[in-house]
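Presented below is the structure to which this report refers.
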Amino acid sequence: MIQEVMLITVAITVAFMVLCFATDLRERMIYAFPCMTLIALWAVLGVISTGQFMLIGIAISVHLAIYFALKITGIWGDGDSDVFLLYGMIFMTMMLTGKYEIGITMYMILELIGMVFALVVSFVVALIEAKIKGQKLTKKSSVAVVPGFAVVIILMVVKMVFWR
């Protein structure tokens with residue numbers, strides 16, 4: 001039963017991430033309701049799949065603290081912060097369901113590597129977008145962060161399905 005729910009969640013997540021990729025480039029907006037629903041669903045899947053309540057509680061607490069800091073400071077847009085939280089829940093679920101034997105330090109390092117990769121992909125997408133629009137990328141340019149996270153999230157959920 002849990003495998004079927006996981007596969008359905010993966011399919012919905014991939015579809016939503018493709019939609020987010022496109023809408024963030026086109027309109028610089030993300031639909032919050034599906035994102036929040038997926039965040040809750042991935043957190044529940046992590047708990048049900050592993051039963052590691054303490055680690056999950058710590059991971060969720062840390063991600064929520066960063067999420068609220070991003071929302072309050074306005075460093076990123078609201079949709080970008082929502083997708084960051086979704087990234088955190090999916091990363092947590094991937095690491096816990098994959099039965100990796102790593103410590104909390106390695107967990108944090110791997111998550112940060114994923115985030116850096118997402119931001120690099122976002123920057124490359126921004127360069128391509130600027131070139132297509134005939135604009136120059138500057139410090140004041142609006143850069144879509146979500147496309148990079150969308151790519152990383154899709155890679156993580158595909159990994160959960162095919163490389164268990």
- Message: Quick one, C20 with F16, criterion side-chain contact (heavy atoms from CB on, under 4.5 Å). Give me CA distance, side-chain angles, the key distance, then yes/no.
- Response: CA-CA 6 Å; C20 286; F16 179 67; 3.2 Å; yes
- For F21 and I154, what are the C-alpha separation, side-chain angles and deciding distance, and is it a side-chain contact (heavy atoms from CB on, under 4.5 Å)? CA-CA 11 Å; F21 188 105; I154 290 170; over 6 Å; no
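In this structure the side chain of M17 never reaches within 4.5 angstrom of the side chain of V157, judged on heavy atoms. Contact of the T93 side chain with the M156 side chain is not registered, since no non-hydrogen atoms from C-beta on lie closer than 4.5 Å.
In the hydrophobic clustering of ILVMFWY residues, with side-chain heavy atoms under 4.5 Å counting as a link, L45 and L7 come out together. In the hydrophobic clustering of this structure, L112 groups with V121; members are Ile, Leu, Val, Met, Phe, Trp, Tyr whose side-chain heavy atoms approach within less than 4.5 Å, directly or through other members. Note on M54 and I48: same hydrophobic cluster, where clusters join Ile, Leu, Val, Met, Phe, Trp and Tyr whose side-chain heavy atoms are under 4.5 Å apart, directly or indirectly. Linking Ile, Leu, Val, Met, Phe, Trp and Tyr residues whenever their side-chain heavy atoms come within less than 4.5 Å places F91 and M106 in a single cluster. In the hydrophobic clustering of ILVMFWY residues, with side-chain heavy atoms under 4.5 Å counting as a link, V161 and V158 come out together.
With rounding to the nearest 0.5 angstrom, the CE atom of M108 is 9.5 Å from the CD atom of E111. Once rounded to the nearest 0.5 Å, the distance linking CD of Q135 with CD of E129 reads 7.5 Å. Rounded to the nearest 0.5 Å, atoms CG (L38) and CE (M89) are 12.5 Å apart. Rounding to the nearest 0.5 angstrom, the gap separating the NZ atom in K71 from the CG atom in D80 is 10.0 Å. Taken to the nearest 0.5 Å, the CE atom of M94 stands 11.0 Å off from the CD1 atom of I153. Here the straight-line distance linking atom CD1 of I113 with atom CZ of F117 works out to 12.0 Å at 0.5 Å rounding.
For D24 (side chain) and V146 (main-chain N/O), a donor-acceptor pair under 3.5 Å exists by modelled atom type.
P147 and S122 get closest at one heavy-atom pair: C-OG, 4.3 Å. In this structure, M6 and S49 approach most closely via the heavy-atom pair CE-OG, 4.2 Å. Across all non-hydrogen atoms, the minimal contact from V152 to G114 is CG2-O, 3.9 Å. The shortest heavy-atom contact between M115 and F84 is CE-CE1, 3.6 Å. D82 approaches I39 most closely through the heavy-atom pair O-CD1, 3.5 Å. The nearest pair of heavy atoms linking A59 to M92 is CB-SD, 3.8 Å.
Environment of CE in M36: crowded, with over 12 heavy atoms of neighbouring residues, nucleotides or ligands closer than 6.0 Å.
Y107 is linked by a side chain to side chain donor-acceptor pair (under 3.5 Å) to nothing, counting only residues two or more places apart in sequence or in another chain. Legend: residues meeting side chain to side chain donor-acceptor pair (under 3.5 Å) with K131, ordered by chain and number and at least two apart, are absent.
Here the options are T13, T37, T9, the test is side chain to side chain donor-acceptor pair (under 3.5 Å), and the partner is W42; only T13 passes.
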